[in-house]
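The structure displayed is predicted, hence computed values, not measured ones.
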Amino acid sequence: MNVRYQTPLSAIASTLTNSINSNLNLRSWLELEPEWQEKIQTALATTEIPIHWVAPETPDTLSALLQQANRNSWQVLICGNGSKLSWGGLPQQPIPLIIGTQRLNRIIEHAVDDLTVTVEAGVKLADLQRTLNQKGQFVPLHPAYPKASTIGGIVATADTWRQRYGGVRDLILGLSFARADGQIAKAGGRVVKNVAGYDLMKLFAGSYGTLGAISQIALRTYPLPEASETVLLLGTPDDIEKGVRTLNASGLTPYRADLLSPAAIKQLGLGSGMGLLVCFQSIAESVKAQSTQMESLGQQLALQTTCYRTEAEITLWQELQQLLCVPTSEAAITCKMGIIPTEAISFLRDFDQLTGGQGLGVIHGSTGLGRLQLNGDEVLGQVKNLRSRCEENRGFLTLLEAPISLKKQFDPWGYSGNALGIMKKIKTKFDPNNILSPGRFAGGI
């Protein structure tokens with residue numbers, strides 16, 4: 001990349017070091033690891049790269065950084081561990097400063113009996129799960145990159161699957177964040193029944209760092225399930241649709257129930273046809289009874305049926321997550337999509353035909369939310385077609401990972417609803433000088 005700086009290198013460095021009495025871990029572009037340079041380059045439309053990367057260790061330091069950025073009109077990019085830095089829109093203006101929250105990595109409080117945990121934004125999900133598991137608990141989050149993702153990054157991108165426990169916004173009890181002017185603000189609390197104040201938790205879930213820098217989050221936790229089993233049903237789209245209807249009418253309570261495109265089934269080495277992957281988690285007796293009933297339902301519908309347990313089950317879900325979330329090539333794109341659940345199977349059938357049997361897709365049967373991955377010379381036309389298909393059925397399609405050249409041709413968000421004016425007003429209230437992650441959200445927000 002042709003490195004050009006918007007502001008003299010010494011200006012930002014001297015301002016921050018002279019005004020903030022703290023260990024900033026402040027580094028210039030040339031001091032960054034190649035991995036971080038690559039992450040940053042995929043997140044910007046401009047050839048002018050950030051001058052500095054900084055990682056505060058305390059919320060007070062984060063606050064001071066944003067005070068200086070606001071005072072000097074420096075636009076900043078907020079991130080966690082950088083695993084999803086390339087998601088969303090591309091900032092069109094030079095970004096002189098990136099603030100990473102990965103050093104805000106303390107688990108503040110785990111109230112075991114209250115089933116809540118409070119953490120700083122930079123805590124990795126994998127580390128949090130290990131700590132919670134020791135007390136027989138977990139948080140039901142399933143982000144794209146479970147080993148690298150931080151809690152703050154998961155919240156900021158609303159990056160998790162929904163099924164029994166809802167989305168990430170449904171798990172947040174409270175949060176603290178640094179405003180654009182550096183002031184620390186709080187919403188919610190650390191207890192399940194806290195209802196005081198505005199529901200900023202839902203507003204910040206999926207805000208992509210455009211409203212504030214999340215510093216601390218309180219989450220619900222749940223008891224670890226005693227047992228788990230997954231049943232895979234394979235067949236034609238029409239037969240799978242019968243399976244979904246039967247499942248929905250059966251009274252069974254799956255932890256997850258996902259529809260898989262034929263290409264995803266083939267890529268995972270599971271067989272052929274469209275798939276329905278149903279996971280049950282509960283006490284051992286319930287799991288056994290429900291998975292047996294699910295297998296019986298599949299057999300009655302003449303669907304190919306396989307049950308996965310223990311390590312085979314864990315491996316299956318890990319491989320599916322890797323397949324859908326990690327691009328298979330530099331030209332591949334990944335998308336988040338939504339459609340009314342009753343149209344999910346029809347959408348996957350059309351998706352398979354449109355991509356010549358090469359498109360990888362999974363859609364949650366109960367919500368219609370899903371992930372797609374496409375590759376090939378006709379990908380732009382395919383994405384346009386699929387977005388139209390989603391919008392015709394009260395849905396959406398958003399580009400996540402994609403080449404910069406494609407994002408410049410095709411709006412990653414494509415939002416055309418009537419709430420854009422309200423969203424821009426909210427952005428102006430929270431960030432009047434437009435310094436926080438500009439351009440990453442819908443409508444160039």
Side-chain angles (χ1 to χ4, degrees), residues 87-89 157-163 166-167 169 205-206 208 235-245 247-248 257-265 273-277 324-325 332-402 406-424 441-445:
W87 287 17
T157 57
D159 176 30
T160 189
W161 299 120
R162 295 183 180 183
Q163 189 68 33
R169 55 184 283 169
Y208 278 70
T236 66
D238 289 341
D239 290 338
I240 291 296
E241 188 167 19
K242 294 177 184 176
V244 172
R245 288 201 303 267
L247 172 62
N248 292 338
D258 295 349
L259 296 160
L260 276 64
S261 69
I265 291 292
M274 190 175 289
L276 174 61
L277 204 54
L324 269 297
C325 297
I333 69 167
T334 61
C335 308
K336 182 178 181 179
M337 54 80 62
I339 199 167
I340 53 177
T342 53
E343 290 294 317
I345 291 175
S346 175
F347 177 88
L348 280 181
R349 181 195 289 114
D350 294 346
F351 173 67
D352 187 58
Q353 295 175 351
L354 180 67
T355 60
Q358 302 300 312
L360 306 174
V362 59
I363 301 178
H364 310 307
S366 65
T367 66
L369 296 173
R371 287 277 173 80
L372 309 174
Q373 184 170 157
L374 304 89
N375 207 338
D377 297 334
E378 303 299 324
V379 67
L380 179 57
Q382 292 171 356
V383 172
K384 289 180 178 179
N385 189 308
L386 293 169
R387 176 174 284 175
S388 296
R389 178 79 160 80
C390 289
E391 291 175 345
E392 289 168 1
N393 290 277
R394 293 178 283 169
F396 68 91
L397 186 144
T398 302
L399 295 186
L400 298 178
E401 301 279 0
L406 181 62
K407 285 192 174 183
K408 287 182 176 180
Q409 297 179 65
F410 188 69
D411 180 9
W413 292 94
Y415 179 77
S416 58
N418 58 9
L420 190 58
I422 295 175
M423 290 191 285
K424 288 183 176 180
F441 198 63
I445 294 175

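Annotation for Gly361 and Ala264: closest pair O-CB, 4.0 Å, computed over non-hydrogen atoms. Nearest heavy atoms, Asn375 versus Ala332: ND2-CB, 3.6 Å. The shortest non-hydrogen separation linking Ala263 to Gly357 is CB-O, 3.4 Å. Between Ala205 and Ala158, the closest heavy-atom pair is C-CB, 4.2 Å. For Ser366 against Pro341, the heavy-atom pair with the smallest separation is O-CG, 3.6 Å. For the residue pair Tyr415 and Asp411, the shortest heavy atom distance occurs at N-OD2, 4.3 Å.
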For salt bridge (charged side-chain N to carboxylate O under 4.0 Å, His left out), just list the numbers for Arg371 and Asp258, CA-CA rounded to whole Å, side-chain angles, deciding distance to a tenth of an Å, and then say yes or no.
CA-CA 11 Å; Arg371 287 277 173 80; Asp258 295 349; over 6 Å; no

From CA spacing to verdict: side chain to side chain contact (heavy atoms under 4.5 Å, CB included), Phe351, Gln382
CA-CA 9 Å; Phe351 173 67; Gln382 292 171 356; over 6 Å; no

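For Asn393 (side chain) and Gly395 (main-chain N/O), no donor-acceptor pair under 3.5 Å exists by modelled atom type. Although no hydrogens or angles enter the test, the distance criterion places a donor-acceptor pair under 3.5 Å between the side chain of Arg387 and the main chain of Leu397. Panel note: side chain Ser261, backbone Gly359; a donor-acceptor pair is recorded below 3.5 Å. Side chain of Asn248 to backbone of Val244: a donor-acceptor contact under 3.5 angstrom is found.
Under a cut-off of 6.0 angstrom, the local environment of NZ in Lys336 is crowded, with over 12 non-hydrogen atoms contributed by other residues, nucleotides or ligands. Heavy-atom contacts from other residues, nucleotides or ligands closer than 6.0 Å to NZ of Lys242 number 12 or fewer. With a 6.0 Å radius and a threshold of 12 heavy atoms from other residues, nucleotides or ligands, Glu378 has its CD atom at or below the threshold.
Residues Ile339 and Arg389 form a side-chain contact, since some pair of their non-hydrogen atoms from C-beta on lies under 4.5 Å apart. Residues Leu260 and Met274 are not in side-chain contact: their nearest non-hydrogen atoms beyond the backbone lie 4.5 Å or more apart. Between Thr398 and Met337, the closest side-chain pair of non-hydrogen atoms is not below 4.5 Å. Taking 4.5 Å as the limit, some side-chain heavy atom of Asp238 sits within range of a side-chain heavy atom of Arg349.
By the salt bridge (Lys or Arg N to Asp or Glu O under 4.0 Å) test, Glu241 pairs with no residue at all, sequence neighbours left out.
Atom CG of Leu369 sits about 9.5 Å away from atom CD1 of Ile363, to the nearest 0.5 Å. Interatomic distance, Glu401 CD to Lys407 NZ, rounded to the nearest 0.5 Å: 7.0 Å. The line from CG of Leu372 to CG of Leu360 is 9.0 Å long, rounded to the nearest 0.5 Å. How far CD1 of Ile333 is from CD of Gln373: 9.0 Å, rounded to the nearest 0.5 Å. Considering CG of Asn385 and SG of Cys390, their distance stands at 10.0 Å, rounded to 0.5 Å. To the nearest 0.5 Å, atom CH2 of residue Trp87 and atom CG of residue Leu400 are 5.0 Å apart.
Using bins of under 30°, 30° to 60° and over 60° for the plane-to-plane angle, the ring pair Tyr208/Phe441 lands in the tilted bin.
Screening Val379, Leu374, Asp350 for a side chain to side chain contact (heavy atoms under 4.5 Å, CB included) involving Thr355 leaves a single residue, Leu374.
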